[in-house]
Number of protein chains: 2
Amino acid sequence: MKYSKATDYALHTMLFLTAATPQKPMGVQQLAERQSVSPTYLSKILTKLVKAGMIESTTGVNGGYRLKRDWENISFLDIIHAIEGTASLFDCSFEHGPDCPIQKVVLAAEEKMEEQLRNQKMSDLVRNLNIVN
Amino acid sequence: MKYSKATDYALHTMLFLTAATPQKPMGVQQLAERQSVSPTYLSKILTKLVKAGMIESTTGVNGGYRLKRDWENISFLDIIHAIEGTASLFDCSFEHGPDCPIQKVVLAAEEKMEEQLRNQKMSDLVRNLNIVN
DNA sequence: TCAATTACGGACTTCATGTATCTATAATAG
DNA sequence: CTATTATAGATACATGAAGTCCGTAATTGA
Ligand code: SF4
Ligand code: SF4
């Protein structure tokens, strides 16, 4: 069980964009180089973030990706859910109702993790930042 | 990102074994039927639990699987680690040292989840149990 | 208007892993 | 000795991740 590399790319891209806080959009070319990943593939990933409403894109010359309003409240969980989906870590095919003991335990643990990821905002991270790749 | 079905099978098998607390071992045949899974496949999974020291197996007639001493302290995390391995959810190829911001956040969240899973023992679960498949 | 730039989308390939089966072997009870 | 049961290897199959290719649309600037 692992987070996908796509999630890795998405997190780093959001870190870069948040650290930059530019007026000008950042091109996928530039973002891809810093992560040693193909631009077209990264573009696919970033489109998910666009659809999730976290960033916006502009085509054409000098286009690229830029944070949207409310960017200060974007959490790790938001980004992860946008890429990985919101399905839970554990789902069995049977349905033993609310008395199911196993599912209850695992999902409670997952919720603890998500709580942490929800409380950590990208913008908090950028404040005390010295290295950004 | 999901837990494998093998983990599902392992958790349920441990639940069954813990609920039974038998002197006689339970055969894989019986265990497999209750989960609608092939016996040989389940056997492979249970062998991992044997190697991890949680259960013991006896071959031959009336053989099967049985809990080992200290079974009361087996946690969800023990079982999950035995099947999924202990690698962390997130590992990037770069090495930015202890100042790495992203890894720090994700691993801290993972630790919260593991803490929950570590505190939940199978034996606790069995006490207030009415349905076991 | 035209050409360069940039994101978007679909189809596709490749690869790793999970899932599962089959079969042969070894050990044990009766 | 025979039936039973776990173990291990080889193999097959399905699924999803990771990545490429290419055509399309939109926008800027000359
Ligand atoms: S006990 Fe829970 S996890 Fe297990 S089969 Fe029933 S519903 Fe599923
Ligand atoms: S910032 Fe952390 S997670 Fe990102 S590339 Fe550096 S070491 Fe890896």
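In this text, all values refer to a predicted model and were calculated from it rather than measured experimentally. Note on naming: letters A, B, ... go to the chains in the order of the sequence lines (proteins, then strands), and numbering restarts at 1 for each one.
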* To do: Take the protein atom CG of A:L31 and the nucleotide atom C1' of C:dT6, then report the distance between them rounded to whole Å.
  => 13 Å
* Heavy-atom donor-acceptor pair, A:K2 side chain to B:M1 backbone, under 3.5 Å -> no
* Does B:N62 make a side-chain N or O approach to OP1 or OP2 of D:dT4 shorter than 4.0 Å? -> no
* Please say whether more than 12 non-hydrogen atoms of neighbouring residues, nucleotides or ligands are located less than 6.0 Å from NZ in B:K112. => no
* To do: Provide, to the nearest angstrom, the distance between the CG atom belonging to A:D8 and the C1' atom belonging to D:dA18.
  => 13 Å
* To do: Kindly indicate whether the side chain of A:I79, heavy atoms from C-beta on, has any atom under 4.5 Å from the side chain of A:T7.
  => no
* D:dA18 P sits how many Å from A:K2 NZ, rounded? -> 11 Å
* Closest to side chain of B:T47, choosing from D:dA8, C:dA4, D:dA6 -> D:dA8
* Asked: With sugar-phosphate meaning primed atoms plus P, OP1 and OP2, does B:K51 contact a base, only sugar-phosphate, or nothing at under 4.0 Å between heavy atoms?
  -> sugar-phosphate
* Rounded to the nearest angstrom, tell me the gap between atom CD in A:E56 and atom P in D:dA26. => 17 Å
* Structure fact -> note: A:I55, atom CD1; C:dC8, atom C1'; distance rounded to Å ~ 13 Å
For residues 24-32 of chain B, dump all side-chain donor-acceptor pairs below 3.5 Å to protein atoms at least two apart in sequence or in another chain.
none

* Please state how far atom NZ in A:K48 lies from atom C1' in C:dG9, giving the value in whole angstrom units. => 13 Å
* B:E84 side chain to B:S4 backbone, donor-acceptor under 3.5 Å -> yes
* Roughly how far, to the nearest 0.5 Å, is the CE atom of A:M14 from the CD1 atom of B:I102? -> 10.5 Å
* To do: Please state how far atom CZ in B:R66 lies from atom P in D:dT5, giving the value in whole angstrom units.
  => 14 Å
* Return the value, rounded to whole Å, for the distance between atom CD of A:Q35 and atom P of D:dA18. => 14 Å
* Remember a base hit wins even if backbone is also touched, and classify B:G63 as base, sugar-phosphate or nothing at under 4.0 Å, heavy atoms. => sugar-phosphate
List, one per line, each side-chain donor-acceptor pair under 3.5 Å for residues 45-57 of chain B, sequence neighbours excluded.
unit_1, atom_1, unit_2, atom_2, d
B:T47, OG1, B:S43, O, 2.8

* How does protein contact run along nucleotides 11-25 of chain C, one letter per nucleotide 5' to 3', with B for base contact, S for sugar-phosphate only, - for none, heavy atoms under 4.0 Å? -> B-------SBBB---
* Asked: Within the pair B:S57 and D:dT7, is there a side-chain N or O less than 4.0 Å away from OP1 or OP2?
  -> yes
